[in-house]
*Asks:* 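Let me begin by handing over the structure; questions about it come next.
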Amino acid sequence: MSRYDPAPTERKWQAAWDARRSFASNEADGRPKYYVLEMFPYPSGRIHMGHVRNYTLGDVVARHKRGQGFNVLHPMGWDAFGLPAENAARDKGVHPKAWTLNNIATMRAELQRMGLSIDWSREIATCHPGYYAHQQKLFLDLLRGGLAYRKKARVNWDPIDQTVLANEQVIDGKGWRSGAPVEKRELEQWFFAITKFADGLLSALDGLTEWPERVRIMQRNWIGRSEGLRLTFEVVGRAQPIEIYTTRPDTLFGAAFLAISADHPLAEEIAAKDAGARAFVAECHSLGTSEEAIEGAEKRGYDTGLKARHPFHKDQVLPVYLANFVLIEYGTGAIFGCPAHDQRDLDFARKYGLPVPRVVAPVDSANDGLEIKEVAYTGDGILMNSDFLNGLAVAAAKDEVAKRLEAAGVGKREVNYRLRDWGVSRQRYWGCPIPVVHCAKCGVVAVPEAELPVLLPEDARFDQSGNPLENHPTWKNVACPQCKSPARRETDTLDTFVDSSWYFARFTAPRATIPVDRKAADAWLPVRQYIGGIEHAVLHLLYARFFTRALHHTGHLGLEEPFAALFTQGMVGHETYKDENGKWLFPTDVEYDEQGNARHKETGRPVTVGRSEKMSKSLKNVVDPGGIIDKYGADTARWFMLSDSPPERDLEWTDAGAAGAFRFLQRVWRLVDESADALPLAGARPPATFGAEAARVRTATHRAIAKISADLERFRFNVAVARIYEFVNAVTDAKGTAPDDLWARREALEALAKLIAPMIPHFAEEAWARLGHTTLIVDEPWPAHEEALTREDVLTLAVQVNGKLRGSIENVARGLDEASVRALALKEADAQERIKNALEGKPIRKVIVVPDRIVNLVV
RNA sequence: GCCCCUGUGGCGGAAUGGUAGACGCGGCAGACUCAAAAUCUGUUGCCUGCAAGGGCGUGCUGGUUCGAGUCCGGCCAGGGGCACCA
């Protein structure tokens, strides 16, 4: 008996796949195509368990589909631009390019050890000029197509470091390095006109039936289409009125105040003469730019002293406030507040002692106290205290208000989106340079395509504050492409979300001399199955959908939706450990004693075990995949990733689980190895008849094939794993050595090898070879089951009384008709003591028969 | 604050509205062994009972149904996202 030794085995089969170029795909191949893609990694340094999970899931799909006869495209690349490289440059003095390429080399080697069925000849890195040159071309096409433009937008500004901060670099309103209070600063920046596609992006969600419903809901909410009314309020003593946007024009008679954003032009005007307003605006700006910070802050306002006239009751005036919760980006940057029917407005009104007039009464409960206390009433109802609206329902009232205000020329129905245009400018070095030149005479001038790519200068400095491209002594000085006079290069680079918005298209022809080879793209796209983390549910996936539409618009792509099916996987977590001083410990520093108490491996001091959290460097609860592969091999890591937890849920990495996965591999190996020599030759003719035990093995085999095939299609990998266990248990239990037993056993073991091949491919190859085959299992077709062998003719029927299980009837023929089941149940109800007792002698009112499962006696 | 999701034994989890706890981990008992590891066999939701059995049980709470882990309402807890982390 030999023991399964993963290290040499995995090396051997990886070399074999490599030598045969087993995973190279080409579009000329006539078989039906299947493009499976996992979200490409950011090269942070080493792969982590989240990557192992993501790429294992994708590999199972890729190998399964290959087995089913598809021409599979399964590529890999690197989302290689981004902030961490620049931070590393600043902190460690290593150039972003060197840091990134070094990380890629490390991580590529780690991924290759996992034995993924990837076509590495298609590898791309977004920081390579061979990628970003094409992205620059796409940018210019978007610019020409009217989808890229410039406007002013606010950024987080660190006044000490003199640099723009990412939202994650703003902690409690302060710069993460300097600790200085962050300011908002307006810069002229580049935008993509994603809102031009808002309606298409919204309506097409209905067609994405193979996406998780929750992702579609999140995107729908993010786009946030609303039908409302833009209307103007006259301001006492001012020529200029205030324009507001509302989705609840029906509540206009419940208005108690107007609120405008601190970034509204009127706010600036007021702040210029009013020190209190100035202070309030400054306070709003100190919140930073993230919606989370703004919405999470206490609702505050500043009374400007201005009074606005109610559009219908001109003698009624409303106070005008500056408010920290009104966003300039949404609507007109100004609202009217109706405290009775909007929670935020209510909180605000209570704080500043404003009236709370109620104008909507719920339909169903006439006497539901009409007084509003702490909770606003936002439901449907009938209008009251509202002049000509009284008695109308909310929808009719909205319509009536709109009609009258439109007639009066002070209102206009308007469809609005929460979605804002995509700001793509980054004042950073390590990104794709935006290929334009600013000329005093000609304005913004595109860099001629013949001069692309605009390469990043290698000799930038990272030890200063600000944008290294801006600080570079010469790079930005160029001649205007049009008039040849001295001009300035654009020093903003593109958001890295742009890089990841078309990489899936580039993979179809990664070395093409144009950005997208239409022939290849048309052949492969859309991505048939996309797999990645739920954290990308909105931004990345929405940007990629937009960009695909933009490339369709500019003729680079022939489709509008990039991903036909989406699967979102859960995170990988681990227990957390703290020592006596409250310092985090790595799992490798901790061991458990016999009593199950955790202690420090070296010091022996007690360790506090905390709950499982997402693996992160800050909590130190990370397990290095490389170490696991060294210890158990890639197949064990893959098997554990697929066992137990459903892929869409979070998974907790445990040593015990990994060890258990390894033991299972050994057990299966023993089963194959000990059987192999006694089995009939591969391809031997089946015996004429099968005994009872052989028949049982065959039933187990064909059921396993049927169930596991269905489970893999539905991403129920953990259930598929459980079926494999059941199958292995059934085969192990069969000890017969007659020719029919051995033939059935070969059939079972061959099916087993094929069924586990997508999950633990090296092991499957070794088992396949041990069973006497000289072919590779990667080239074998996925097994088919015989339907007749999966069925059992008799089954056990459960008997319930009033829905509670009280007994069962054995050996009932499959598909027995309802009347017979009823008769049988009534007979058994008399015969079986348990059922009889439960009936308590009461008359049976009703008998419910669920075919082949249950009969329920209702008394 | 807003949007979305999740909650089942000691643990990970299974269960087209139809016998809750498949499968695995761990535990307990036993076999093998000088011993240990490895392996194998049995057992394992909780309470009660000698047993047969009975009762309880899918975060809490109310409802729909012959029947609810599953559907609906309200709550609690944890997680993801919130536009410059990727």
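If you're wondering where the values come from, they're calculated on a predicted model, not measured in any experiment.
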*Asks:* Take atom P in B:U19 and the same atom in B:G67, then report the distance between them in whole Å.
*Replies:* 15 Å
*Asks:* Could you work out the separation of B:A51 and B:A38 based on their P atoms and round it to a whole Å?
*Replies:* 34 Å
*Asks:* Whole Å only: how far is the CG atom of A:D852 from the P atom of B:U19?
*Replies:* 13 Å
*Asks:* C1' atom, B:C23 versus B:G9: distance in rounded Å?
*Replies:* 14 Å
*Asks:* For the side chain of A:N856 and the base of B:C66, is some donor closer than 3.5 Å to an acceptor across the two?
*Replies:* yes
*Asks:* Could you tell me whether the side chain of A:N156 and the main chain of A:T289 form a donor-acceptor pair under 3.5 Å?
*Replies:* yes
*Asks:* Given the P atoms of B:A52 and B:U8, what is the spacing between them in whole Å?
*Replies:* 31 Å
*Asks:* Between atom CD in A:E652 and atom C1' in B:G26, what is the gap in whole Å?
*Replies:* 13 Å
*Asks:* Can you check the A:L202 CG to B:C3 P distance for me, whole Å?
*Replies:* 17 Å
*Asks:* If the P atom of B:C4 is compared with that of B:C75, how far apart are they to the nearest Å?
*Replies:* 14 Å
*Asks:* Tell me whether the OP1 or OP2 atom of B:C23 has a side-chain N or O from A:N718 closer than 4.0 Å.
*Replies:* no
*Asks:* Just call it for A:A537: base, sugar-phosphate, or nothing, with non-hydrogen atoms closer than 4.0 Å on any strand.
*Replies:* nothing
*Asks:* Taking only the C1' atom of each, what is the distance from B:G10 to B:U44 in whole angstrom?
*Replies:* 11 Å
*Asks:* When rounded to the nearest Å, what value does the distance between P atoms of B:G12 and B:U65 take?
*Replies:* 35 Å
*Asks:* Would you kindly give the CZ-to-P distance between A:R214 and B:C3, to the nearest whole Å?
*Replies:* 17 Å
*Asks:* Taking only Lys NZ, Arg NE, NH1 and NH2, and the carboxylate oxygens of Asp or Glu, determine whether A:K836 and A:E833 approach each other closer than 4.0 Å.
*Replies:* no
*Asks:* Look through every strand shown and name the nucleotide pairing with B:A86 as Watson-Crick or G-U wobble, where both distances are under 3.5 Å.
*Replies:* none
*Asks:* Could you identify the nucleotide paired to B:U16, looking across every strand shown and requiring Watson-Crick or G-U wobble geometry with both distances under 3.5 Å?
*Replies:* none
*Asks:* Give the B/S/- string for nucleotides 81-86 of chain B, one per nucleotide from 5' to 3', where a protein heavy atom under 4.0 Å of the base yields B, of only the sugar-phosphate yields S, and otherwise -.
*Replies:* SBBBBB
*Asks:* Looking for any heavy atom pair under 4.0 Å, which part of the strands does A:N837 touch: base, sugar-phosphate only, or nothing?
*Replies:* nothing
*Asks:* Look at the side-chain N and O atoms of A:N729 and state whether any lies under 4.0 Å from the OP1 or OP2 oxygen of B:G24.
*Replies:* yes
*Asks:* Using 30° and 60° as the class limits, which term best fits the ring planes of A:Y42 and A:W99: parallel, tilted or perpendicular?
*Replies:* tilted
*Asks:* Write down the partner of B:A29 under the Watson-Crick or G-U wobble criteria, each distance required to be under 3.5 Å.
*Replies:* B:U41
*Asks:* State whether A:W190 and A:R150 meet the cation-pi test: NZ (Lys) or CZ (Arg) under 6.0 Å from the six-membered ring centroid, and within 45° of the perpendicular axis.
*Replies:* yes
*Asks:* I'd like to know whether A:E828 forms a salt bridge (Lys or Arg N to Asp or Glu O under 4.0 Å) with A:R806, so could you lay out the CA-CA distance, the side-chain angles of the two residues, the decisive distance to 0.1 Å, and finally the verdict.
*Replies:* CA-CA 11 Å; A:E828 289 293 323; A:R806 296 298 174 181; over 6 Å; no
*Asks:* Decide yes or no for A:R214 and A:T568: does some side-chain heavy atom of the first lie under 4.5 Å from some side-chain heavy atom of the second?
*Replies:* yes
*Asks:* May I have the distance from A:K351 (atom NZ) to B:G1 (atom C1'), rounded to whole angstrom?
*Replies:* 14 Å
*Asks:* In terms of side-chain geometry, is the basic nitrogen of A:E186 or A:R154 positioned less than 4.0 Å from the acidic oxygen of its partner?
*Replies:* yes
*Asks:* Since syn is defined as within 90° of 0, does B:G12 count as syn or as anti?
*Replies:* anti
*Asks:* With respect to the phosphate group of B:A14, does any side-chain polar atom (N or O) of A:R716 fall under 4.0 Å of OP1 or OP2?
*Replies:* no
*Asks:* Given atom CG of A:L795 and atom C1' of B:U19, what is their separation to the nearest angstrom?
*Replies:* 13 Å
*Asks:* Tell which nucleotide pairs with B:C46, taking only Watson-Crick or G-U wobble pairs whose two distances are both under 3.5 angstrom.
*Replies:* B:G55
*Asks:* Mind checking the P distance from B:G80 to B:C71? Whole angstroms is fine.
*Replies:* 24 Å
*Asks:* Should B:G67 form a Watson-Crick or G-U wobble pair with both distances under 3.5 Å, which nucleotide is its partner?
*Replies:* none
*Asks:* Table please: side-chain donor-acceptor pairs of residues 537-547 of chain A below 3.5 Å, with sequence neighbours left out.
*Replies:*
| unit_1 | atom_1 | unit_2 | atom_2 | d |
| --- | --- | --- | --- | --- |
| A:H540 | NE2 | A:Y530 | OH | 2.7 |
| A:R545 | NE | A:E561 | OE1 | 2.9 |
| A:R545 | NE | A:E561 | OE2 | 3.2 |
| A:R545 | NH1 | A:L201 | O | 3.2 |
| A:R545 | NH1 | A:Q219 | OE1 | 2.8 |
| A:R545 | NH2 | A:L201 | O | 2.7 |
| A:R545 | NH2 | A:E561 | OE2 | 2.8 |

*Asks:* B:A22 phosphate, OP1 or OP2: any side-chain N/O from A:R723 under 4.0 angstrom?
*Replies:* no
*Asks:* Considering every strand shown, what is the Watson-Crick or G-U wobble mate of B:G9 when both distances are under 3.5 Å?
*Replies:* none
*Asks:* Identify whether the distance between the nearest side-chain nitrogen and carboxylate oxygen of A:K184 and A:D263 falls below 4.0 Å.
*Replies:* yes
*Asks:* Atom CG of A:D711 and atom P of B:G13: how far apart are they, to the nearest Å?
*Replies:* 17 Å
*Asks:* Roughly, in whole Å, what's the span from CD1 in A:I217 to P in B:C2?
*Replies:* 18 Å
*Asks:* Are A:R426 and A:E86 ion-paired here, with the side-chain N under 4.0 Å from a carboxylate O?
*Replies:* no
*Asks:* Once you measure the plane-to-plane angle for A:Y503 and A:F40, does it fall in the parallel (<30°), tilted (30-60°) or perpendicular (>60°) bin?
*Replies:* parallel
*Asks:* Using a 4.0 Å cut-off on protein heavy atoms (strictly under), produce a 5'-to-3' string for nucleotides 37-55 of chain B with B for base contact, S for backbone-only sugar-phosphate contact, and - for none.
*Replies:* --SS------------SSS
*Asks:* On RNA chain B, nearest-nucleotide positions of A:M571 versus A:G296: which is more 5'?
*Replies:* A:G296
*Asks:* Before accepting this row, confirm whether a basic side-chain N of the pair A:D161/A:R177 lies closer than 4.0 Å to the acidic partner's carboxylate O.
*Replies:* no
